[in-house]
Engineer: 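Take a look at this one; I'll ask things after.
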Amino acid sequence: MGKMKLALLFVCLTAFSVSSLAQASKFWDDFYVTFGQPNVKYPGSNPGDIVDLGLTREVGGSGFRSKYPYMFGHLTMKVRLVGNNSAGTVTSYYMASTFKKWCELDFEFLGNVSGQPYILQTNVFVEGKGDREQRIYLWFDPTADYHEYGVLWNQELVLFLVDNRVIRVYHNQKSVGVPYLDYQPMFIYSSIWNGESWATRGGREKINWAGQPFQPSYTAFNVSNACPVKTTSGYGDLHGCYSKLYRSPYGRKPNLALSQTQINDLRWIRNEFLIYDYCTDLRRFNGVAPRECSKNWP
């Protein structure tokens, strides 16, 4: 009976809800401000639990970055987006490496005119090549409260997550010649900036500076289920990250393939909220969809 209980406990600990095992940290434990310091605020009774970025005409935007890059893991934070008329603003949350031919995983929240829905644009860069944009509407008001956004990244797939619901998947398809994100550690970045030349209705809606400051708010910073690369060369840490990958919930079953729930989520997103998918915009690719498109949607 004791062995059965231990087995059940092990199964529970390796389930997808990795975030339940970790505790969110203070902002400055894992991040630091990279630009726009005058626009960065730390509200609340426990400084460091919440960080507000800001965009103003006088200072410009602001942003932060993780202290270390990460190689595989389940990384999340909660964000409350800019309310009211946020047209022309772009709030970004992404991971990126620093290689010449870099890798990158993007969440970009495109500001809206009051009363209109936010658009979430995601993108994947591998070895310096992106052009993999997908755009969706969100099924909730992202300005009313905090919602969790994150990535689960392992040797087989990358999952883009919103409130633990899969909205996008990028599979490892190296076997058919599609490059994958499997050797470049990536920093975590977030920022708000002026994107009025393109962000809202193709640039037709500009920023109304009467509404400044434009302030997205961040909390529940969680990188504890990922592998940081802390050494200067990174090689020793990279080896450790590969070893950790195969011992950690994010790098083991059932997280190596889509579950039926995740398949259903992706079908729901595609049918109800998808606005744009690069895979169907064949004019960009001389009439032939990129090879990875065959597995982008279940």
Side-chain angles (χ1 to χ4, degrees), residues 14 16 18 66 68-76 92-108 121-135 149-162 166-189 223 225-229 233-259 262-263 265-266 269-270 277-281 284-285 288-298:
T14 55
F16 179 73
V18 183
S66 60
Y68 303 107
Y70 294 86
M71 190 72 205
F72 303 119
H74 183 200
L75 308 101
T76 63
S92 61
Y93 165 47
Y94 63 102
M95 298 185 68
S97 67
T98 56
F99 286 59
K100 183 176 180 180
K101 293 187 176 181
W102 74 101
C103 291
E104 185 172 330
L105 302 170
D106 291 344
F107 289 84
E108 290 185 316
Q121 174 173 285
T122 57
N123 202 352
V124 177
F125 286 74
V126 188
E127 296 181 351
K129 184 183 182 303
D131 297 329
R132 297 181 175 94
E133 300 92 345
Q134 290 180 6
R135 291 184 176 188
Y149 304 91
V151 168
L152 188 143
W153 169 31
N154 62 34
Q155 67 272 37
E156 295 296 334
L157 49 73
V158 176
L159 301 180
F160 288 75
L161 304 163
V162 177
V166 180
I167 63 161
R168 180 173 184 172
V169 61
Y170 185 84
H171 290 278
N172 184 343
Q173 298 187 69
K174 292 178 70 174
S175 61
V176 295
V178 178
Y180 188 65
L181 307 86
D182 58 359
Y183 69 94
Q184 296 186 22
M186 296 188 287
F187 289 93
I188 304 166
Y189 298 83
V223 296
N225 288 306
C227 187
V229 177
S233 67
Y235 294 115
D237 279 358
L238 277 177
H239 178 76
C241 287
Y242 288 117
S243 298
K244 182 178 179 179
L245 174 68
Y246 294 98
R247 302 192 310 269
S248 299
Y250 58 78
R252 303 177 64 175
K253 292 182 179 180
N255 294 323
L256 302 180
L258 294 171
S259 68
Q262 293 164 351
I263 289 171
D265 285 345
L266 284 167
I269 292 293
R270 186 180 192 181
D277 182 1
Y278 74 103
C279 288
T280 61
D281 193 354
R284 295 177 61 185
F285 306 105
V288 180
R291 281 174 291 181
E292 71 268 13
C293 290
S294 63
K295 293 190 68 176
N296 279 3
W297 298 100

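Here the structure is a predicted model, which means the values were calculated and not measured.
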Engineer: What's the separation between atom CG in Leu161 and atom CZ in Arg168, rounded to the nearest 0.5 Å?
Structural biologist: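 It comes to 13.0 Å.
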Engineer: For Thr76 and Gly150, indicate whether the former's side chain and the latter's backbone hold a donor-acceptor pair under 3.5 Å.
Structural biologist: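 The answer is no, because no donor-acceptor pair under 3.5 Å joins these two groups.
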Engineer: Who pairs with Phe72 by ring-ring contact (aromatic ring centres under 6.0 Å, His included), at least two apart in sequence or on another chain?
Structural biologist: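 Per chain and number, Phe72 pairs via ring-ring contact (aromatic ring centres under 6.0 Å, His included) with Trp153, Tyr242.
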Engineer: Heavy-atom distance under 4.5 Å between the side chains of Val178 and Val126, does that happen here?
Structural biologist: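 No, too far: nothing below the 4.5 Å cut-off.
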Engineer: So, for Tyr250 and Leu245, which heavy atoms are closest and what is the spacing to 0.1 Å?
Structural biologist: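 That would be CE1-CD1, 3.7 Å.
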Engineer: Nearest 0.5 Å, please: how far is CD in Glu127 from CZ in Phe99?
Structural biologist: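 If we round to the nearest 0.5 Å, Phe99:CZ and Glu127:CD are 10.0 Å apart.
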Engineer: Please confirm whether the backbone N or O of Trp297 pairs with a side-chain atom of Arg270, one donor and one acceptor, at under 3.5 Å?
Structural biologist: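 Pair absent, no side-chain N/O of Arg270 close to backbone of Trp297.
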Engineer: Testing the basics here: between Val162 and Phe107, what is the closest heavy-atom pair and its distance to 0.1 Å?
Structural biologist: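 Closest heavy-atom pair between Val162 and Phe107: CG2-CE2, 4.4 Å.
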Engineer: Cys227: which residues meet the disulfide bond (SG atoms under 2.5 Å apart) condition with it, sequence neighbours left out?
Structural biologist: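 So Cys227 forms a disulfide bond (SG atoms under 2.5 Å apart) with Cys241.
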Engineer: Measure the acute angle between the ring planes of Tyr170 and Tyr180, then classify it against the limits of 30° and 60° as parallel, tilted or perpendicular.
Structural biologist: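 The arrangement is parallel - the two ring planes meet at less than 30°.
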Engineer: Over all heavy atoms of both residues, which pair between Pro185 and Tyr183 is shortest? Give the atoms and the distance, please.
Structural biologist: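 Taking every non-hydrogen atom into account, CD-O, 3.6 Å.
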Engineer: Side chains of Leu266 and Val169: does their closest heavy-atom pair fall under 4.5 Å?
Structural biologist: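 A side-chain contact under 4.5 Å exists here.
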Engineer: Determine, stepwise, if the pair Gln134 / Asn296 fulfils side-chain contact (heavy atoms from CB on, under 4.5 Å).
Structural biologist: CA-CA 11 Å; Gln134 290 180 6; Asn296 279 3; 4.1 Å; yes
Engineer: Mind checking whether Val124 and Glu292 have side chains closer than 4.5 Å, heavy atoms only?
Structural biologist: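 Not in contact.
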Engineer: Ignoring hydrogens and geometry, is there a side-chain-to-backbone donor-acceptor pair from Asp106 to Ser92 under 3.5 Å?
Structural biologist: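 Judged by distance alone, no pair lies under 3.5 Å.
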Engineer: Between Tyr278 and Asp131, what is the shortest heavy-atom contact and its length?
Structural biologist: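 Heavy atoms only, the tightest pair is CD1-O, 3.4 Å.
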Engineer: Nearest 0.5 Å, what's the CG-SG distance between Asp182 and Cys103?
Structural biologist: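 That separation rounds to 8.0 Å.
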Engineer: Do Phe285 and Pro290 come within less than 4.5 Å of each other through their side chains, counting heavy atoms only?
Structural biologist: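 Yes, their side chains come closer than 4.5 Å.
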Engineer: Quick one: pull up CG in Leu105 and OH in Tyr93 and give me the separation to the nearest 0.5 Å.
Structural biologist: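 Between atom CG of Leu105 and atom OH of Tyr93 there are 10.0 Å.
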Engineer: Ignoring hydrogens, what is the shortest heavy-atom contact between Leu256 and Glu156? Give both atom names and the distance.
Structural biologist: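 Answer, listing the atom of Leu256 first, then Glu156: O-CB, 3.5 Å.
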Engineer: For Ala96 and Glu104, work out which heavy atoms get closest and say how close.
Structural biologist: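 Distance-wise, the nearest heavy atoms are CB-CG, 3.9 Å.
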Engineer: CG/Asp265 to CG/Leu258 distance, rounded to the nearest 0.5 angstrom?
Structural biologist: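 Between Asp265 CG and Leu258 CG, I get 10.0 Å after rounding to 0.5 Å.
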Engineer: Given side chains that start at C-beta, do those of Glu108 and Asn123 come closer than 4.5 Å, heavy atoms only?
Structural biologist: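 They are not in side-chain contact.
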Engineer: Taking the side chain from Ser259 and the backbone from Gln262, do they hold a donor-acceptor pair closer than 3.5 Å?
Structural biologist: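 Between the backbone of Gln262 and the side chain of Ser259 there is a qualifying donor-acceptor contact (under 3.5 Å).
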Engineer: Just wondering, more than 12 heavy atoms not from Lys101 lying within 6.0 Å of its NZ?
Structural biologist: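 Open.
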Engineer: Does any non-hydrogen side-chain atom of Asn154 lie less than 4.5 Å from one of Arg252?
Structural biologist: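 Result no, sub-4.5 Å side-chain heavy-atom pair not found.
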Engineer: Report yes if the side chains of Ser97 and Met186 come closer than 4.5 Å at any heavy-atom pair, otherwise no.
Structural biologist: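 Yes; the side chains approach each other to less than 4.5 Å.
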Engineer: Once you round to the nearest 0.5 Å, how far does CG of Asp237 lie from NE2 of His239?
Structural biologist: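 One gets 11.0 Å once the value is rounded to the nearest 0.5 Å.
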Engineer: Is there side-chain contact between Gln173 and Lys295, with heavy atoms separated by less than 4.5 Å?
Structural biologist: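 Side-chain contact under 4.5 Å: yes.
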